[in-house]
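Just so we're on the same page: letters track the sequence lines, and every chain starts at 1. Below, each value reflects all heavy atoms present in this structure, side chains not excepted, and no hydrogens, waters or symmetry copies. Quick caveat, the model's predicted, so the values are computed rather than measured.
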Amino acid sequence: MPEPATGDKYFGTVDLRIPGKPEWVAVARLTIAAIANRLPFTVEEIEDLKLAIAEACTNAIQAGGGNGEPIDIRCETAADHLRIVVRDRGTKKPEPVPAGKATPVEGLGVFLIQALMDGVEHSFDAARGSELIMTKRVGS
Amino acid sequence: MPEPATGDKYFGTVDLRIPGKPEWVAVARLTIAAIANRLPFTVEEIEDLKLAIAEACTNAIQAGGGNGEPIDIRCETAADHLRIVVRDRGTKKPEPVPAGKATPVEGLGVFLIQALMDGVEHSFDAARGSELIMTKRVGS
Amino acid sequence: MDIKVNVRESSDDAYVVELGGEIDVYTSPKVKDAITELIDQGHYNLVINLEKVRYIDSTGLGVLIGGLKRVREHGGSVNLVCTNPQIKKIFDITGLVKIFGIYDDEAGAQKALA
Amino acid sequence: MDIKVNVRESSDDAYVVELGGEIDVYTSPKVKDAITELIDQGHYNLVINLEKVRYIDSTGLGVLIGGLKRVREHGGSVNLVCTNPQIKKIFDITGLVKIFGIYDDEAGAQKALA
Ligand SMILES: Nc1ncnc2c1ncn2[C@@H]1O[C@H](COP(=O)(O)OP(=O)(O)O)[C@@H](O)[C@H]1O
Ligand SMILES: Nc1ncnc2c1ncn2[C@@H]1O[C@H](COP(=O)(O)OP(=O)(O)O)[C@@H](O)[C@H]1O
């Protein structure tokens, strides 16, 4: 199996499904770190990614009511970025975070994701649950 | 989310899908280590599990012809064991390893899996590919 | 996925909660329990030592904020010891650096309690 | 997922290949290239130092076995330096401990080449 001549070795999709319970979030964190380690991310950027995925999973657990409904995580890598999609099956409409809240207690998780990642999109579907798409560029 | 009173926290299923290419095997290794770390495995047992999953992935890559067909890994945990199912989509019938071969070069991967895990089953389906089921007990 | 929680009385009637490992959605309840117990016993001057903490997320921050709110109701305070740059960064970007006293060592954090 | 390969001539006309990191299906081709190059250049007495190797799997073992086979055809040999108990265990259970000379330090491995 000769190594491809191009930057191909950076491209790939990894899917991870964990139980939506607190004790499994560490597995998501370490898997993301292993994936990120394949790209030229710095140690600090990898720490950012670990925190962002943990916050996304924590939200997904809460959205799922803490009863363990699986969380689906898709990671797509390219030479210069990592795109992570986190899906849960929480079908109760989430209350939006009041924009620009001063005291960062509620909404801290989402705030951190937005601060640490380069692009964040969240969508909610009452039939299927939430989808969070986050992207981090190398060297950002 | 109160912690369950029983040994429940050990139970869970994690699914991982990686591209069937050499550069992704490290991700499987680290994910397995993170999962195994949730159970009372020793450091040495976790090293055994990392090696076993790597050998399984290496075989799956070869079975898939090295063209990147995904490898599906399912991990089921209980308080006293970890069960790992590795599926590839290689549909060419593999040649069996001659039993009891003296020089361990060919067949080394399968030999290691068998030496390090407590239970190993391999099945091949010309339509779907191979399935390898390996189990490791805590404290074995 | 391990957390170590070690509580000890320090010289000047303050308590030190020394934490180690990773504070996340799974482990933060253990941290919360330790802090709640101290407050329930009437100890309102706390130093929380994060020097051996490798990782903290919003649930961990929430526990610290919750503790701070409770001790303040009794005129107490919470000072943190933190040297890990990644964790300092999180206190920075969340603005929590303005709410907590953050110190480089336990001696500094304790002195500032008085 | 990193491998370090460092090749140097040692005092007594032997070559030392010092490896570090993880030798797996992805990184072992780099190890193979280094060993093949030495053999192609006519160096048949090799010490392969695995002291800084944290992990090796069957593809890595295959590269070492392949190297040994080739140097033996020229009357040479390969001695390994290995202290990591997990890696020693793998040489044990595969029986490779009987094919390779395995030593605790480079001096021992080199002396035994002569
Ligand atoms: N996966 C999700 N599913 C549904 N709602 C979500 C999800 N993630 C975030 N939210 C919404 O964003 C809010 C803020 O989340 P977060 O920043 O983690 O703070 P909190 O500590 O209040 O949960 C949640 O209360 C919820 O309304
Ligand atoms: N995932 C798989 N799909 C098909 N055949 C497999 C698979 N895993 C192992 N095998 C069979 O087992 C043989 C031995 O594999 P292994 O022990 O890794 O040694 P080798 O280095 O010869 O590949 C393979 O050559 C193949 O015939």
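- For B:Glu23 against A:Arg38, the heavy-atom pair with the smallest separation is O-NE, 2.9 Å.
- Smallest separation of non-hydrogen atoms from B:Trp24 and A:Tyr10: CZ2-O, 4.1 Å.
- B:Arg87 is linked by a side-chain contact (heavy atoms from CB on, under 4.5 Å) to B:Asp72, B:Val85, B:Glu131, counting only residues two or more places apart in sequence or in another chain.
- The heavy-atom pair separating B:Gly12 from A:Pro19 by the smallest distance is CA-CG, 4.1 Å.
- The side-chain contact (heavy atoms from CB on, under 4.5 Å) check on A:Leu30 picks up B:Ala34, with sequence neighbours excluded.
- Both the backbone and the side chain of B:Thr31 come within less than 4.5 Å of a heavy atom of chain A.
- With a 4.5 Å cut-off on side-chain heavy atoms, A:Asp15 and B:Asp15 do not count as touching.
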